[in-house]
Amino acid sequence: MDPCVKCGAPGHVHHIVFKSHGGLDNKMNLINLCPMHHELGPDAPHKSRKADLELKEALQEEYFELFDEEEYTIEQISELIGISKKKTEKAFLKVNQYAGIFQKEDIIRRLMGGRLY
């Protein structure tokens, strides 16, 4: 069990963009939080919309820095986010593309669960 990034106590994985909202299991979308910082405390993302949005906005900013070009292939996306090509293809089935080329904003929107913050 990895430590909580906020206090160092034993933690568990939290999806910044929840899987139920389209979040993926890529490393950037995962953060280790103890129960207090995950769901019990007043500033936990499962209790506080503000805390949840802060995590999402920071993640989105990281994605905009990571994807510094305007167009990417599925292979490039897969490599950058660190999940298999097969999982990336499945996740991006409904994302607009032209001849296998995806636009930066569409990629980030998909990684953020279908919206930008």
Side-chain angles (χ1 to χ4, degrees):
M1 196 180 291
D2 288 329
C4 174
V5 298
K6 298 205 181 232
C7 70
H12 58 274
V13 173
H14 167 71
H15 287 81
I16 297 170
V17 177
F18 307 147
K19 288 186 81 169
S20 62
H21 295 165
L24 303 178
D25 285 327
N26 62 308
K27 189 173 184 175
M28 290 176 72
N29 189 41
L30 304 175
I31 186 171
N32 287 307
L33 296 171
C34 68
M36 183 60 68
H37 288 111
H38 184 228
E39 57 201 15
L40 301 176
D43 294 327
H46 285 286
K47 290 276 188 181
S48 166
R49 180 72 175 142
K50 181 181 177 208
D52 181 48
L53 286 174
E54 286 173 358
L55 288 174
K56 285 176 170 56
E57 289 169 353
L59 175 62
Q60 180 175 286
E61 188 175 313
E62 287 181 45
Y63 282 141
F64 272 106
E65 290 174 11
L66 179 66
F67 291 94
D68 59 353
E69 302 291 329
E70 290 303 314
E71 299 179 335
Y72 293 87
T73 65
I74 201 74
E75 291 85 1
Q76 291 170 314
I77 298 167
S78 172
E79 185 176 323
L80 285 169
I81 64 173
I83 61 174
S84 73
K85 181 182 173 198
K86 184 176 180 178
K87 286 183 180 180
T88 305
E89 287 173 335
K90 183 176 180 182
F92 280 78
L93 276 175
K94 296 181 181 178
V95 177
N96 291 335
Q97 56 148 317
Y98 180 74
I101 302 296
F102 295 84
Q103 298 297 309
K104 174 182 184 170
E105 188 171 310
D106 293 332
I107 294 165
I108 296 169
R109 186 182 310 278
R110 168 58 190 95
L111 292 171
M112 295 305 300
R115 64 184 292 192
L116 296 178
Y117 293 87

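Note that these values count all heavy atoms, side chains included, but never hydrogens, waters or copies made by symmetry. What you see is a predicted model, and the numbers here were worked out from it, not measured in a lab.
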Tell me who clusters with Y98, hydrophobic residues only, linked when side chains sit under 4.5 Å apart either directly or through other members. none

Sequence neighbours left out, cut at 3.5 Å: what donor-acceptor pairs do the side chains of residues 55-62 make with other protein atoms?
{"unit_1": "K56", "atom_1": "NZ", "unit_2": "I16", "atom_2": "O", "d": "2.7"}
{"unit_1": "K56", "atom_1": "NZ", "unit_2": "D52", "atom_2": "OD1", "d": "2.6"}
{"unit_1": "K56", "atom_1": "NZ", "unit_2": "D52", "atom_2": "OD2", "d": "3.2"}
{"unit_1": "Q60", "atom_1": "OE1", "unit_2": "Y117", "atom_2": "N", "d": "2.6"}
{"unit_1": "Q60", "atom_1": "NE2", "unit_2": "Y117", "atom_2": "O", "d": "2.8"}

Taking ring-ring contact (aromatic ring centres under 6.0 Å, His included) as the definition, give me every residue that meets it alongside H12, ordered by chain and number, with sequence neighbours left out. H38

Going by salt bridge (charged side-chain N to carboxylate O under 4.0 Å, His left out), name the pairs with one or both residues in residues 67-77, residues two or more places apart or in two chains. E75-K85

Is the shortest heavy-atom distance from the side chain of N32 to the side chain of C4 under 4.5 Å? no

Return the set of residues passing ring-ring contact (aromatic ring centres under 6.0 Å, His included) with H37 (not counting sequence neighbours), or none when no residue passes. none

Under the salt bridge (charged side-chain N to carboxylate O under 4.0 Å, His left out) definition, can you give me all pairs with a residue in residues 27-48, not counting sequence neighbours? none

Transitive ILVMFWY cluster of L40, excluding itself - 4.5 Å side-chain cut-off: M36

Counting only N and O atoms by type, is there a donor-acceptor contact under 3.5 Å from the side chain of S78 to the main-chain atoms of I83? yes

Just by modelled atom types, is the A44 backbone N or O under 3.5 Å from a matching donor or acceptor in the S48 side chain? no

Salt bridge (charged side-chain N to carboxylate O under 4.0 Å, His left out): which pairs involve residues 102-112, sequence neighbours left out? E105-R109

Which residues pass the ring-ring contact (aromatic ring centres under 6.0 Å, His included) test with Y63, sequence neighbours left out? none

Would you please name every residue forming a ring-ring contact (aromatic ring centres under 6.0 Å, His included) with H15, sequence neighbours left out? none

Of all residues at least two apart in sequence or in a different chain, which pass the salt bridge (charged side-chain N to carboxylate O under 4.0 Å, His left out) check with K19? D25

Qualifying salt bridge (charged side-chain N to carboxylate O under 4.0 Å, His left out) pairs, either residue in residues 90-100, two or more places apart: none

